[in-house]
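Remember, it's 1-based here, ligands and their atoms both numbered in the order they're listed. The figures here come from the full heavy-atom set of this structure, side chains too, leaving out hydrogens, waters and symmetry mates. No experiment lies behind these values; they were computed from the predicted model shown.
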Amino acid sequence: MTERTLVIIKPDGIQRHLAGEIIGRFEKKGFKLAAAKFMQISEEPVRQLYDVHQGKPFFEGLVKFLSSAPVLVMVWEAEGVIDMIRKMMGATFGCDAEAGTIRGDFGASKGCNLVHGSDSAESAEKEIKLFFRSDEIVDYKLTDADWLYGTND
Ligand code: IDP
Ligand code: MG
């Protein structure tokens, strides 16, 4: 089943000129970009995005970090995209993440880990709604979809 996931290139990813690199990985994998906004997020939506972490020692720092500078918020679409993007992001901390993953290749920090990706279908639905109206998500067909996903799987 086709899924959508919310991806955010965090302030460190933008400031470190890694947006193109990160988007390029998702493009080359064959995912479809369905929506994008370059913006500085205010604290309130960040608190909602990370509400499961409310009360944890890193929470206030995380809210300050995510709202401190511009980010690129995107919706990516494909069958199984939620789990695939989590794998491509790597483990939460750059110091733990495997080489070959975004966090493993480009960072060593715990908090400044470049990218956010929804961790489940439920999270994706909630998170996409925080940043996009339904008419801001673009419905179209990739012309190479048959070559990317095959007709013989
Ligand atoms: P995830 O982004 O891999 O899903 P979560 O555990 O959901 O990781 O944490 C959300 C975000 O909070 C992380 O991406 C990271 O930026 C930040 N974070 C999590 N744990 C710590 C910590 O121990 N120190 C500093 N920042 C943290
Ligand atoms: Mg998480």
Take a 6.0 Å sphere around [atom1] of [X] and say whether it holds more than 12 heavy atoms from other residues, nucleotides or ligands.
X: Lys56; atom1: NZ; value: yes
X: Asp139; atom1: CG; value: no
X: Glu125; atom1: CD; value: no

Can you pull every nitrogen or oxygen pair between ligand 1 and the protein closer than 3.5 angstrom?
from     : atom 1 : to     : atom 2 : distance (Å)
ligand 1 : 2 (O)  : Arg103 : NH2    : 3.0
ligand 1 : 3 (O)  : Thr92  : OG1    : 2.6
ligand 1 : 3 (O)  : Arg103 : NH1    : 3.0
ligand 1 : 4 (O)  : Arg86  : NH1    : 2.9
ligand 1 : 4 (O)  : Arg86  : NH2    : 3.2
ligand 1 : 7 (O)  : His53  : NE2    : 2.7
ligand 1 : 8 (O)  : Thr92  : OG1    : 3.2
ligand 1 : 9 (O)  : His53  : NE2    : 3.4
ligand 1 : 14 (O) : Lys10  : NZ     : 2.9
ligand 1 : 14 (O) : Asn113 : ND2    : 2.7
ligand 1 : 16 (O) : Lys10  : NZ     : 3.1
ligand 1 : 16 (O) : Gly111 : O      : 2.9
ligand 1 : 16 (O) : Asn113 : OD1    : 3.4

>> Can you confirm if the NZ or CZ of Lys10 lies within 45° of the ring axis of Phe65 and under 6.0 Å from the centre of its six-membered ring?
In response: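 Geometry flag: not set, cation outside 6.0 Å or 45°.
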> Hey, quick one: are Leu18 and Phe31 part of the same hydrophobic cluster, counting side-chain heavy atoms closer than 4.5 Å, chains of contacts allowed?
Replying inline: yes
>> So, using side chain to side chain contact (heavy atoms under 4.5 Å, CB included) as the criterion, who are the partners of Glu98 when residues are at least two apart?
In response: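 Applying side chain to side chain contact (heavy atoms under 4.5 Å, CB included) to Glu98 gives Thr101.
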